[in-house]
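Throughout, protein chains are lettered first and strands after them, A, B, ... in sequence-line order, and every chain is numbered starting at 1.
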4 protein chains.
Amino acid sequence: MTQTSDGPVTKLTVRPPGRPRSERADRAIIEATVDLLAEEGGVAGVSIEAVAARAAVGKTTIYRRWPNKEALIIDALAALKEPFPVPVGDSVRDDLVAIARAFMTDKSDKKRLDCYWSIMSGAERYPELIARFNREVIEPRRDVIRRVLRRGIESGELRADLDVEVTLWLIMGAVAHRARAWGAGPVPDDFPGKVIDALLAGIGTN
Amino acid sequence: MTQTSDGPVTKLTVRPPGRPRSERADRAIIEATVDLLAEEGGVAGVSIEAVAARAAVGKTTIYRRWPNKEALIIDALAALKEPFPVPVGDSVRDDLVAIARAFMTDKSDKKRLDCYWSIMSGAERYPELIARFNREVIEPRRDVIRRVLRRGIESGELRADLDVEVTLWLIMGAVAHRARAWGAGPVPDDFPGKVIDALLAGIGTN
Amino acid sequence: MTQTSDGPVTKLTVRPPGRPRSERADRAIIEATVDLLAEEGGVAGVSIEAVAARAAVGKTTIYRRWPNKEALIIDALAALKEPFPVPVGDSVRDDLVAIARAFMTDKSDKKRLDCYWSIMSGAERYPELIARFNREVIEPRRDVIRRVLRRGIESGELRADLDVEVTLWLIMGAVAHRARAWGAGPVPDDFPGKVIDALLAGIGTN
Amino acid sequence: MTQTSDGPVTKLTVRPPGRPRSERADRAIIEATVDLLAEEGGVAGVSIEAVAARAAVGKTTIYRRWPNKEALIIDALAALKEPFPVPVGDSVRDDLVAIARAFMTDKSDKKRLDCYWSIMSGAERYPELIARFNREVIEPRRDVIRRVLRRGIESGELRADLDVEVTLWLIMGAVAHRARAWGAGPVPDDFPGKVIDALLAGIGTN
DNA sequence: CAATAATCGAGACGGTACGTCGCGTCTTGGG
DNA sequence: CCCAAGACGCGACGTACCGTCTCGATTATTG
């Protein structure tokens, strides 16, 4: 820190010497990575070489920023992450349906959904990736459901003795598994509603 | 079935000419495949090269039997597959809990469960694999639940207007997702019971 | 040595197990190397990648045979080496002229001459290369001149007190330097004769 | 020639605006280049990167002065170039021997000789370099020999029908080739004398 | 003295080649 | 005909330099 400044210091980080890293390259690399992740359908389909080619960037430029493919994809993930609003509708039931529907079809574009599952596929080869993905993308969304459930308990719409975590697994599990559609065809439009209603009413006779 | 033929039985199956394939190799390959699938935690971790090395077998010996990795793993899967009995207990509730518990922890060893999830992870890189896996391993187990649910409807233990398929997704989803335990730690012993009870009673206040 | 043979052993080397190395690849690689050496005009112009591409061969196949570029070029050199006949003409003078002319223009194709100088260029970056080149290609040719000179001394055509090595440097030096034609244009046809004649007669007045 | 101007002399050269180029950098770069040329033993061993590192200078500082490596080395060469006096001794023979010896061992240090051959090695990868080197360093020295030869012809010490150019190739070739000493060890002290004497007397028996 | 302008070192840029690894396939001699 | 061994062509890996291109900082001269 070479400044002898007086007054409130505002510059907390000094720019390092030399040519600064190109933000254009940053963006191009992340975009190329996300595109390949969605198109190739899996972490394995994303090669640094392909990313470099598509981003019109030298491999060096990628390796200067990320030590390996996993790290690159983790950061590309961040580009997918975006705040998921807590819905506050008239009823908890409608909110849960809305969340389920959003999660299954993702209101944003197809690319994002493709990436989600591409990442889940690669899974265990890239444990750090899956961990961060859960922490930064999945868990926030689980938390949204958690809040709605707690609101429901307080408002009396849901049972007071509800086990929130168990309910979370029921909702997330049904939604995520069905969305994956392992050979079961596209998700019917009324599926989210049916799931939540079944869950609310229970399947037992009293 | 290679028979050693005794007595007057006419030869129904002719042994092909040349050296017969080594059954020792067959077993070693399948075992190595299953081990790798469980250990490496993913289809990608299973390379023909690695299987051959672990089975102490030439790569040719593998490729003579299976056209590709996918086919090999499918057959290795069969080694894991075993009949899943339809439980007929005193109550449908107990049966469902038993099924859920069995599915999550699997009666047999850890290896089997690891393989299940390794395969699910591989996902769309190996569509044929996942398809056959669903058909031969998953669907039979879903069918067991289906039967129990139908029995519950008939016996009056479950609601008459129950949507069986939706219920299936709820049970299977919760169970499978939780078993995968994406960072959530080991499955508590009472989890299956809690899930089924929550589902039976419903989470809404009538 | 696993053979229990009787009689005179002829098989001195047993073929190693596995698929034998492709002689076609051997040839293609050497040829591609020589071509590139001649065309690109320098060791630096020969890249393993380019050799592999031109020979329609994987890089692995090259690296399996040679540890690095230097080693490859050394062996490619051997393909250029071919016996240089000791001329036995009517006079030592004519023989020397013939040798000089052959060395400058090389009776074989242009490619060989290009390679010679390409190798000499790379020189110090590849000391082992230049050493072997001298030993296997240059020195044999020097030896041819040496023999002719000795014959001349015996026959009385050359001075008895001739220093053979010094004479060698004179002949080889003039020839090689002029052939290199550092900006001096193509070698005139009568140059070899002029050099040898000047050398024979001496430049001094008695 | 940057003059510091004194007295009434009108300014003939105007110092350009802005920060003047560092003469320290100039010197450091040239010195580093010469050192690398001698040490690495070849044009290829001289990389701008290496020069910049050794001169403790930014690469920009080099590229601002010279458009490419070739140009840099050409200028570095100039630092080596120094007038080569035409010897006028008692006899042409002694003069030739002196020149030959000087050329082989070079009065100045080892570094200079190393550079000479490093440059000659680089050859056709750097045609402009070799051309200028010949023009500015080699040819002047050839010219010195040329003058001595002409003087010898006039004085009757050398044959009147002498082909000066051919003789030049003989002397320069022997000297240069032997100095390069491709594996032939250090140059014996009496080599120059022997070469010139052999050339003067001729190797033939009249 | 402030403005101007070319310099400086540092280091990122796109690119090419390196030598290595693992893939799935092919091709041997021997059992 | 099977088996092991291992070479084949291929493609991606991560590294090292290359020559070029910005940067902020420095250092002279000029208005």
Side-chain angles (χ1 to χ4, degrees), chain A residues 2 14-22 24-26 44 46-53 55-69, chain B residues 15-22 24-25 44 47-50 52-53 55-69, chain C residues 2 14-26 44 46-53 55-69, chain D residues 14-22 24-25 44 47-50 52-53 55-69:
Chain A
T2 52
V14 248
R15 178 202 278 267
R19 177 174 175 177
R21 295 195 176 165
S22 156
R24 187 224 138 252
D26 280 339
V46 179
S47 76
I48 298 286
E49 219 132 65
V51 171
V57 141
K59 276 199 289 178
T60 317
T61 304
I62 299 179
Y63 281 110
R64 196 175 289 117
R65 291 161 162 76
W66 297 277
N68 51 52
K69 185 161 67 173
Chain B
R15 180 200 286 271
R19 175 174 172 177
R21 292 190 177 169
S22 155
R24 187 220 138 257
S47 74
I48 298 291
E49 197 102 11
V57 138
K59 283 195 282 181
T60 319
T61 305
I62 299 178
Y63 279 110
R64 204 189 329 278
R65 290 160 162 78
W66 297 276
N68 51 52
K69 181 161 70 174
Chain C
T2 52
V14 249
R15 177 202 281 267
R19 177 175 175 176
R21 295 193 176 167
S22 156
E23 291 182 32
R24 188 224 139 252
D26 280 338
V46 179
S47 76
I48 298 284
E49 219 131 65
V51 171
V57 140
K59 276 199 289 178
T60 318
T61 303
I62 299 179
Y63 281 111
R64 196 174 289 119
R65 292 162 162 77
W66 297 278
N68 51 51
K69 183 161 68 174
Chain D
V14 208
R15 178 200 287 270
R19 176 176 174 175
R21 293 191 178 169
S22 156
R24 188 221 138 255
S47 73
I48 299 292
E49 197 102 11
V57 139
K59 284 193 282 184
T60 318
T61 306
I62 299 178
Y63 280 110
R64 192 175 295 113
R65 291 161 162 79
W66 296 276
N68 51 51
K69 181 162 70 174

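Heavy atoms only, all atoms of each residue included: C:Arg65 and C:Ala25 are closest at NH2-CB, 3.9 Å. Closest approach of C:Gly58 and C:Ala52 over heavy atoms only: C-CB, 4.3 Å. Nearest approach of A:Ile48 to A:Lys69, heavy atoms of both residues: CD1-CA, 4.1 Å.
C:Lys59 meets the salt bridge (Lys or Arg N to Asp or Glu O under 4.0 Å) test with C:Glu49; sequence neighbours excluded. Residues that satisfy the salt bridge (Lys or Arg N to Asp or Glu O under 4.0 Å) test with C:Arg64, not counting sequence neighbours, are absent from this structure.
The side chain of D:Pro20 lies closest to F:dA28, out of E:dA17, F:dA28, F:dC17. Here the nucleotide nearest the side chain of A:Ser22, chosen from F:dA5, E:dC13, E:dA10, is E:dC13.
Atom CZ of A:Arg65 and atom P of E:dA12 are 9 Å apart (whole Å). Put simply, CZ on D:Arg21 is 16 Å from C1' on E:dG9, counting in whole angstrom units. Taking atom CG of residue C:Asp26 and atom C1' of nucleotide F:dA7, one finds them 11 Å apart after rounding to whole Å. Atom CD of C:Glu49 and atom P of E:dC18 are 6 Å apart (whole Å). Atom C1' of nucleotide E:dG24 and atom CH2 of B:Trp66 are separated by 16 Å, given to the nearest angstrom.
Where A:Arg24 and D:Ala25 meet DNA chain E, the nucleotide closest to each residue was compared, and D:Ala25 sits on the side nearer the 5' end. Two residues, A:Ile48 and D:Asn68, neighbour DNA chain F, and the one matched to the more 5' nucleotide by heavy-atom proximity is A:Ile48.
Residues of residues 56-63 of chain B that place a heavy atom closer than 4.0 Å to DNA chain F, in numerical order, are B:Ala56, B:Val57, B:Gly58, B:Lys59, B:Thr60, B:Thr61.
Here A:Arg64 lies in heavy-atom contact (under 4.0 Å) with a base.
Distance check, rounded to the nearest 0.5 Å: CD1 of A:Ile62 to CG of A:Asp26 gives 11.0 Å. Distance check: B:Asn68 CG to B:Tyr63 OH gives 8.0 Å after rounding to the nearest 0.5 Å.
Not a single donor-acceptor contact under 3.5 angstrom links the side-chain atoms of A:Arg19 to the base of E:dC13.
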